[in-house]
S.K.: 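Please find one structure pasted underneath; my questions will follow.
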2 protein chains.
Amino acid sequence: MVKKIKLSKPALNRAEKRQHKLDSILRHAAAAFMDKGYYKTSLDDIARLHKVTKPTLYYYIKNKEDILIKCEDVASLRINGLLDSVTATTENGFQQLQAFIEGYVKIVTDDIIRCHIRHRGQREDPIAREASLNMHRDIEYRVREILAKGVDDGSIRACNTTIIAILLFDAVNGISAWYREEGEISHDELVEQVLMLVAEGVKNNT
Amino acid sequence: MVKKIKLSKPALNRAEKRQHKLDSILRHAAAAFMDKGYYKTSLDDIARLHKVTKPTLYYYIKNKEDILIKCEDVASLRINGLLDSVTATTENGFQQLQAFIEGYVKIVTDDIIRCHIRHRGQREDPIAREASLNMHRDIEYRVREILAKGVDDGSIRACNTTIIAILLFDAVNGISAWYREEGEISHDELVEQVLMLVAEGVKNNT
DNA sequence: TTATATTGTTACCCATGAGTAACTTAAACT
DNA sequence: AGTTTAAGTTACTCATGGGTAACAATATAA
């Protein structure tokens, strides 16, 4: 008889497993929210995607809205992480803006980011609502700061950085609603077109 | 005793009155949808805004979703009307694009237009959903045609008109979510900034 | 092996809100 | 005037779905 090897600690401890489960729930939920919208997605739907029953979800989340909040936390980390790395360089403002857009177009197809973009500010709890709006404002503000830096160092023309930041951010956020990686348009072409628009506009000056 | 003057036909006949009531319902509904979102707005809420009771609404609308559909019809008429007048001129593509953006920024603060932008495609009935998406696609297509005309006549630089049309359209549609006429930013400043971005981008080329 | 905390289940409660039936009041056209 | 149509009301039905209580199974630790 083969001697049983005593298994050392399982590959993943409880906390890690729990975290994985939560991540999976958030992913499934975000995908469902993007597919059918928040209100048309029931907790039973989400539970089914995750192959558990509804009450089990409550072991990982506080309530339905908490899913949205947790998704947003993940999205916030990723977007702010991108902004951190972009603004940490010694490049000029315009180059940082380019880098941000490139990075943003890469992550904007992720369901959790898409979910955040589509559902931000849609909270029933006024505190959660405020937090969501503030989080978005903070990000927008950081984009504005990049523009301001560019205006300052001369790489970006003088403009109302508040307005321009919102317009640009809305344009790239919009990508999350229509762009599909499997579709006709390649990622590179998309980035190229966005960058050209941002840099030069559309007017022909030749 | 004063002789009673026989009143001639009332100022508004029934069909007109009915139309006015319907318009008012749509307006109230659109405002409520923008304030709280479609699903958080009950028919009782809308009825209350209109100072009637819920069943009365059913004299004017088929069901809740029908409100969204009727709002969209109004929005479609206005946006396509703008596109009609813009494309009827002999101006070049870039000038037509400018004219469209100017006109669009003017109407984008209207609750019914905002409601359409926010809720397009969000239909339970698959046929209504398809209709909503097609309507939006048609408009987007017409913007693309303006760009294509501009590329053709040399007023707009060569670009992927499909992508650029969506990006620009998303940027201006986004305005409906944040711009308030009572706010800090004047309408003229907003239009100026949008047109500058569209024309020249943000890069400083001096 | 046994005790304990962790996951999970079945079966329910209950608030909400869309939609309807049946009835009342007001207006308009002979 | 009286009849008809429009417009509105009160009082319901009923499906949906978030959330919970109470119980069952599984895994970890002693």
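Just so it is clear, the structure is predicted and the values come from calculations on it, not from any experiment. Below, chain A is the first sequence line, B the second, and so on; all start at residue 1.
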S.K.: Apply the test salt bridge (Lys or Arg N to Asp or Glu O under 4.0 Å) to residues Asp152(B) and Lys149(B): give CA-CA distance (whole Å), side-chain angles for both, the deciding distance (0.1 Å), then the verdict.
M.R.: CA-CA 5 Å; Asp152(B) 211 50; Lys149(B) 175 184 162 68; over 6 Å; no
S.K.: What is the distance, rounded to the nearest whole Å, between atom CD of Gln19(B) and atom C1' of dA7(D)?
M.R.: 16 Å
S.K.: Which residues in residues 64-73 of chain B have a heavy atom closer than 4.0 Å to any atom of DNA chain C?
M.R.: Lys64(B)
S.K.: With sequence neighbours excluded, tell me which residues meet side chain to side chain donor-acceptor pair (under 3.5 Å) with Ser42(B).
M.R.: Asp45(B)
S.K.: With sequence neighbours excluded, what pairs up with Lys40(A) under the side chain to side chain donor-acceptor pair (under 3.5 Å) test?
M.R.: Glu124(B)
S.K.: Count the heavy atoms belonging to other residues, nucleotides or ligands that lie under 6.0 Å from OH of Tyr58(A), then report whether that count exceeds 12.
M.R.: yes
S.K.: Judged by atom type as modelled, is there a donor-acceptor pair below 3.5 Å linking the side chain of Gln122(A) to the main-chain atoms of His119(A)?
M.R.: no
S.K.: Assess whether atom OH of Tyr39(B) is packed by more than 12 heavy atoms of other residues, nucleotides or ligands within 6.0 Å.
M.R.: yes
S.K.: The criterion is side chain to side chain contact (heavy atoms under 4.5 Å, CB included); which residues satisfy it with Lys203(B), sequence neighbours excluded?
M.R.: Phe94(A), Ala199(A), Glu200(A), Asn205(B)
S.K.: Identify, with sequence neighbours excluded, every residue that meets side chain to side chain contact (heavy atoms under 4.5 Å, CB included) alongside Thr90(B).
M.R.: none
S.K.: Do any N or O atoms of the protein come closer than 3.5 Å to N or O atoms of nucleotides 20-25 of chain D, and which pairs are they?
M.R.:
none

S.K.: Starting from P on dT13(D), measure out to CG on Leu43(B) and report it in whole angstrom.
M.R.: 20 Å
S.K.: Write down the distance between CG (Leu22(B)) and P (dA6(D)), rounded to a whole number of angstrom.
M.R.: 16 Å
S.K.: What residues, two or more places apart in sequence or in another chain, satisfy side chain to side chain donor-acceptor pair (under 3.5 Å) together with Lys106(B)?
M.R.: none
S.K.: side-chain contact (heavy atoms from CB on, under 4.5 Å) for Ile146(B) and Ile156(B)? Distances and angles first, verdict last.
M.R.: CA-CA 10 Å; Ile146(B) 294 177; Ile156(B) 291 176; 5.6 Å; no
S.K.: Over the length of the helix from dT1(C)-dA30(D) to dA28(C)-dT3(D), how much do the five-pair end axes diverge, rounded to 10 degrees?
M.R.: 10°
S.K.: Check Arg137(B) with Glu130(B), please: is the shortest side-chain N to carboxylate O separation under 4.0 Å?
M.R.: yes
S.K.: Check DNA chain D against residues 23-42 of chain A and give the residues with a non-hydrogen atom under 4.0 Å, in numerical order.
M.R.: Thr41(A), Ser42(A)
S.K.: Using the ring of each side chain (for Trp, its six-membered ring), is Phe169(A) parallel, tilted or perpendicular to His136(A), with breaks at 30° and 60°?
M.R.: parallel
S.K.: Whole Å only: how far is the CG atom of Asp44(A) from the P atom of dC12(C)?
M.R.: 16 Å
S.K.: Roughly how many Å is it from CG in Asn63(A) to P in dA15(C), rounded to a whole number?
M.R.: 18 Å
S.K.: Does Arg129(B) have any side chain to side chain donor-acceptor pair (under 3.5 Å) partners at least two apart in sequence or in another chain, and if so, which?
M.R.: none
S.K.: Please report the closest heavy-atom contact between Ala31(A) and Asp111(A), naming both atoms and the distance.
M.R.: CB-OD2, 3.5 Å
S.K.: Which pairs would a plain distance check flag for residues 70-86 of chain B, meaning a side-chain donor or acceptor within less than 3.5 Å of a matching protein atom at least two apart in sequence or in another chain?
M.R.:
residue  : atom : partner   : partner atom : Å
Lys70(B) : NZ   : Asp66(B)  : OD1          : 3.4
Lys70(B) : NZ   : Asp66(B)  : OD2          : 2.7
Glu72(B) : OE1  : Arg123(B) : NH1          : 3.1
Glu72(B) : OE1  : Ser132(B) : OG           : 2.8
Glu72(B) : OE2  : His116(B) : ND1          : 2.8
Glu72(B) : OE2  : Ser132(B) : OG           : 3.3
Ser76(B) : OG   : Asn80(B)  : ND2          : 3.2
Arg78(B) : NH1  : Asp110(B) : OD2          : 3.2
Asn80(B) : OD1  : Arg142(B) : NH1          : 3.0
Asn80(B) : ND2  : Ser76(B)  : O            : 3.1
Asp84(B) : OD1  : Arg142(B) : NH1          : 3.1
Asp84(B) : OD1  : Arg142(B) : NH2          : 2.8
Ser85(B) : OG   : Leu82(B)  : O            : 3.0

S.K.: Would you tabulate the pairs of protein nitrogen or oxygen atoms and nucleotide nitrogen or oxygen atoms of nucleotides 6-8 of chain C closer than 3.5 angstrom?
M.R.:
residue : atom : partner  : partner atom : Å
dT7(C)  : OP2  : Arg18(A) : NH1          : 3.3
dT7(C)  : OP2  : Tyr59(A) : OH           : 2.5
dG8(C)  : OP1  : Lys21(A) : NZ           : 3.1
dG8(C)  : OP2  : Tyr60(A) : OH           : 2.9

S.K.: Atom CZ of Arg48(B) to atom C1' of dT16(C): distance rounded to whole Å?
M.R.: 13 Å
S.K.: Between Tyr179(A) and Arg114(A), is a side-chain contact (heavy atoms from CB on, under 4.5 Å) present by the stated rule, with each step listed?
M.R.: CA-CA 11 Å; Tyr179(A) 183 65; Arg114(A) 293 173 72 214; over 6 Å; no
S.K.: Quickly work out the Leu57(A) CG to dT9(C) C1' distance and round it to whole Å.
M.R.: 13 Å
